[in-house]
Amino acid sequence: QVQLVESGGGLVQAGGSLRLSCAASARTFSSYAMGWFRQAPGKEREFVAAISWSGGSTYYADSVKGRFTISRDNAKNTVYLQMNSLKPENTAVYYCAASQVVVTTKQGYDYWGQGTQVTVSS
């Protein structure tokens with residue numbers, strides 16, 4: 001069982017930055033691939049970024065490439081999402097998730113956090 005708790009969301013102006021954190025409870029955190037997803041009102045939850053258990057491989061949605069960076073610190077059981085050059089359309093609830101393998105589909109993730117709200121004003 002893995003418990004995930006996101007933090008770092010908030011209100012930011014367009015062009016600004018936020019760093020999301022996701023703290024995991026599992027002692028085996030380093031064996032899980034981690035992902036970030038987001039869900040805007042009235043829309044499906046969509047993939048944002050993923051990182052392998054070692055941090056050696058990362059994957060991004062085309063819409064965030066070059067602006068968002070996923071990273072992890074296995075010693076701290078934490079995964080991060082650095083978000084730069086934020087746009088109003090990035091407004092959503094952001095979720096972190098854990099999986100046994102690196103995948104970019106939400107169906108591939110076994111554990112989810114409760115989400116953190118990110119609001120980007122124009």
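By convention here, the first residue in the shown sequence is residue 1.
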Practice prompt. Could you tell me the separation between the CG atom of Asn77 and the OG1 atom of Thr28, rounded to the nearest 0.5 Å?
Written response: 8.5 Å
Worksheet entry | Verdict with reasoning, Phe37 to Glu46, per side chain to side chain contact (heavy atoms under 4.5 Å, CB included) | CA-CA 5 Å; Phe37 289 75; Glu46 65 176 3; 5.8 Å; no
Discussion item. Could you see if Val102 belongs to whatever hydrophobic cluster contains Val79? Use Ile, Leu, Val, Met, Phe, Trp, Tyr and a side-chain cutoff under 4.5 Å.
Written reply: no
Worksheet item: If you look at every heavy atom in Ala97 and Leu4, which pair is closest and at what distance?
Response: CA-CD1, 3.7 Å
Worksheet item: Do any N or O atoms from the side chain of Thr91 and from the backbone of Val120 form a donor-acceptor pair under 3.5 angstrom?
Response: yes
Worksheet entry | Shortest non-hydrogen contact between Gly9 and Thr116, atoms and distance | N-OG1, 3.2 Å
Worksheet item: Closest approach of Thr105 and Tyr109, non-hydrogen atoms and distance?
Response: O-CD1, 3.3 Å
Discussion item. Can a donor-acceptor pair be found, under 3.5 Å and without considering hydrogens, that links the side chain of Glu6 to the backbone of Gln114?
Written reply: yes
Practice prompt. Working to the nearest 0.5 Å, report the span between SG of Cys96 and CD1 of Ile51.
Written response: 12.5 Å
Worksheet entry | Geometric class of the Phe68/Tyr94 ring pair [parallel <30°, tilted 30-60°, perpendicular >60°] | tilted
Worksheet item: Above 12 or not: heavy atoms from other molecules or residues under 6.0 Å from CD of Glu89?
Response: yes
Item to complete: To the nearest 0.5 Å, tell me how far Met34 CE sits from Thr78 OG1.
Response: 9.0 Å
Worksheet entry | Residue pair Arg72 / Ser52: nearest heavy atoms and the distance that separates them | NH1-O, 2.8 Å
Worksheet item: Are any non-hydrogen side-chain atoms of Val64 and Arg38 less than 4.5 angstrom apart?
Response: yes
Discussion item. I need the Lys87 NZ to Ser122 OG distance, nearest 0.5 Å.
Written reply: 14.0 Å
Worksheet entry | Backbone of Ser85 reached by a side-chain donor or acceptor of Arg67 within 3.5 Å | yes
Worksheet item: With hydrophobic residues grouped by side-chain heavy-atom distances under 4.5 Å, do Ile70 and Trp112 end up in a single group?
Response: no
Discussion item. Once rounded to the nearest 0.5 Å, what's the spacing between atom CG of Leu20 and atom CD of Gln82?
Written reply: 9.0 Å
Discussion item. Between Arg45 and Val93 (side chain of the first, backbone of the second, donor and acceptor by atom type, cut-off under 3.5 Å), is there such a pair?
Written reply: no
Worksheet item: How long is the gap from OH on Tyr95 to CG on Leu81, to the nearest 0.5 Å?
Response: 15.0 Å
Worksheet item: Has the side chain of Asn74 got a donor or acceptor atom that lies under 3.5 Å from a matching backbone atom of Trp53?
Response: yes
Practice prompt. Step by step, work out the side chain to side chain contact (heavy atoms under 4.5 Å, CB included) result for Met83 and Asn90.
Written response: CA-CA 10 Å; Met83 305 186 294; Asn90 299 143; over 6 Å; no
Worksheet entry | Contact summary for Gly108 and Ser99, nearest pair of heavy atoms | O-OG, 2.9 Å
Practice prompt. Applying ring pair (Phe, Tyr, Trp, His ring centres under 6.0 Å), run through Tyr59 and Phe47 and close with a yes or a no.
Written response: CA-CA 10 Å; Tyr59 307 85; Phe47 170 75; 7.8 Å; no
Item to complete: State, to 0.1 Å, how close Leu11 and Ser121 come at their nearest heavy-atom pair, and which atoms those are.
Response: CD1-CB, 4.3 Å
